[in-house]
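Because the structure is predicted, anything quoted here is derived from the model rather than measured. Counting starts at 1 for both ligands and their atoms, in listed order.
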Amino acid sequence: MQLPIGITRGTSNYGLEYLDIEHPKARARIFLQGAQVTEFQATNQPALLWLSPEEDFRPGKAIRGGIPICWPWFGAHGSDTAAPAHGFARTSVWKLDNVINNDDGVFLTLSLPMPDRPDWPYSASLTLAVSVSDYLGLALTTRNTGSDELVLTQALHTYFNIVDIEQVRITGLAGSRYDDQLLGAAGKGLACSESQLSIAGEVDRIVYPRQPLGLNAPAYQLDIATQGSASAVIWNPWLEKSSRLSNFPTDGYKSMVCVETANCGADVAVIGVGASHTLQVEYRQLNTGKN
Ligand code: TA6
């Protein structure tokens, strides 16, 4: 495909192809593996996404950072222990279908050539629309092209770049319930006691928000506007788990937090024959000048 001015192709040392997007309103990088946005910086704003300094961009290996697409299951596969965590979309090579570059921003559409897999014997199409402007937008659309109802879990597993985890606040939690993934069955349906969450240890929660979430980083305040989602995952591995993660520096937990727009836990996406479902998020930053 002929790329418009402002969009260029590149390749990592191990052969992973990416697109670099330069626009007066923002710049971004998107890898074709996983249709993964790894970098985004709006003009006059801090870089939004965290990317592991230990990431080496190898084919078939999930990229640690940016916005991994967890699809068509979130977490472990329901029954197949050999199936990859968080599904196969993030380690598959997607196709760039369309790019528009205009005064408002750069708007890209990518699609996943659907593999034939024993761990997911269904028919569907999957597309991602990415908006690079003074905001970052993603819309992940699954269309059920088969003869069976689809029940899937998914997440836009966004790693946010923050100055210091101990200064971070996640807002908008008033009245919501959550499943604490660290407590298993005992952690289901807990009530958020505060409207905002500070992090001082490992956190791995599926929350069911009653209003839009926000992030106070504190170098920026972030509005997280979603559609097609009734759950979000808040994750920080803290020190001990950081040492067990692939391509993750031991002190990486200090400069990142994940707030993932999802359909997971009790919020699964049920898609009838011929129907579609879109999981959508838009990130808007307000630079606070703090660092
Ligand atoms: O979203 C939180 C989580 O499910 C954690 O439990 C942790 O596994 C994290 O995702 C990262 O998973 P990954 O497979 O990318 O190492």
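For ligand 1, the atoms sitting less than 4.0 Å from at least one non-hydrogen atom of F74 are 1 (O), 4 (O), numbered in the order shown with element in parentheses. Heavy-atom proximity to R64, at under 4.0 Å, picks out these atoms of ligand 1: 11 (C), 13 (P), 15 (O), 16 (O). The E260 neighbourhood of ligand 1 comprises atoms 1 (O), 2 (C), with distances under 4.0 Å to a heavy atom of that residue.
Proximity annotation for atom 10 (O) of ligand 1: of H86, E202, K241, H86 comes nearest, heavy atoms only.
Each of I165, V168, D204 was checked for a side-chain contact (heavy atoms from CB on, under 4.5 Å) with N236, and the lone residue meeting it is I165.
Between the side chain of D179 and the main chain of G189, a donor-acceptor pair closer than 3.5 Å is present. A side-chain donor-acceptor contact under 3.5 Å links Q45 to the backbone of N287. Under a 3.5 Å cut-off, the side chain of N263 and the backbone N or O of S231 do not form any donor-acceptor pair.
Of all protein heavy atoms, the one lying nearest to atom 6 (O) of ligand 1 is D204 OD2, 2.6 Å. Nearest protein neighbour of atom 11 (C) of ligand 1, counting heavy atoms only, is W235 CH2, 3.7 Å.
Aromatic pair W71/F88: ring centres closer than 6.0 Å.
If you look at Q181 next to ligand 1, there are no close heavy atoms at all, none under 4.0 Å. Using a 4.0 Å cut-off between heavy atoms, R90 contacts ligand 1 through its side chain alone, with no backbone atom that close.
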Open item on the list: Test salt bridge (charged side-chain N to carboxylate O under 4.0 Å, His left out) on D223 and R284; report intermediate values, then the result.
Closed with: CA-CA 5 Å; D223 288 337; R284 286 178 169 78; over 6 Å; no

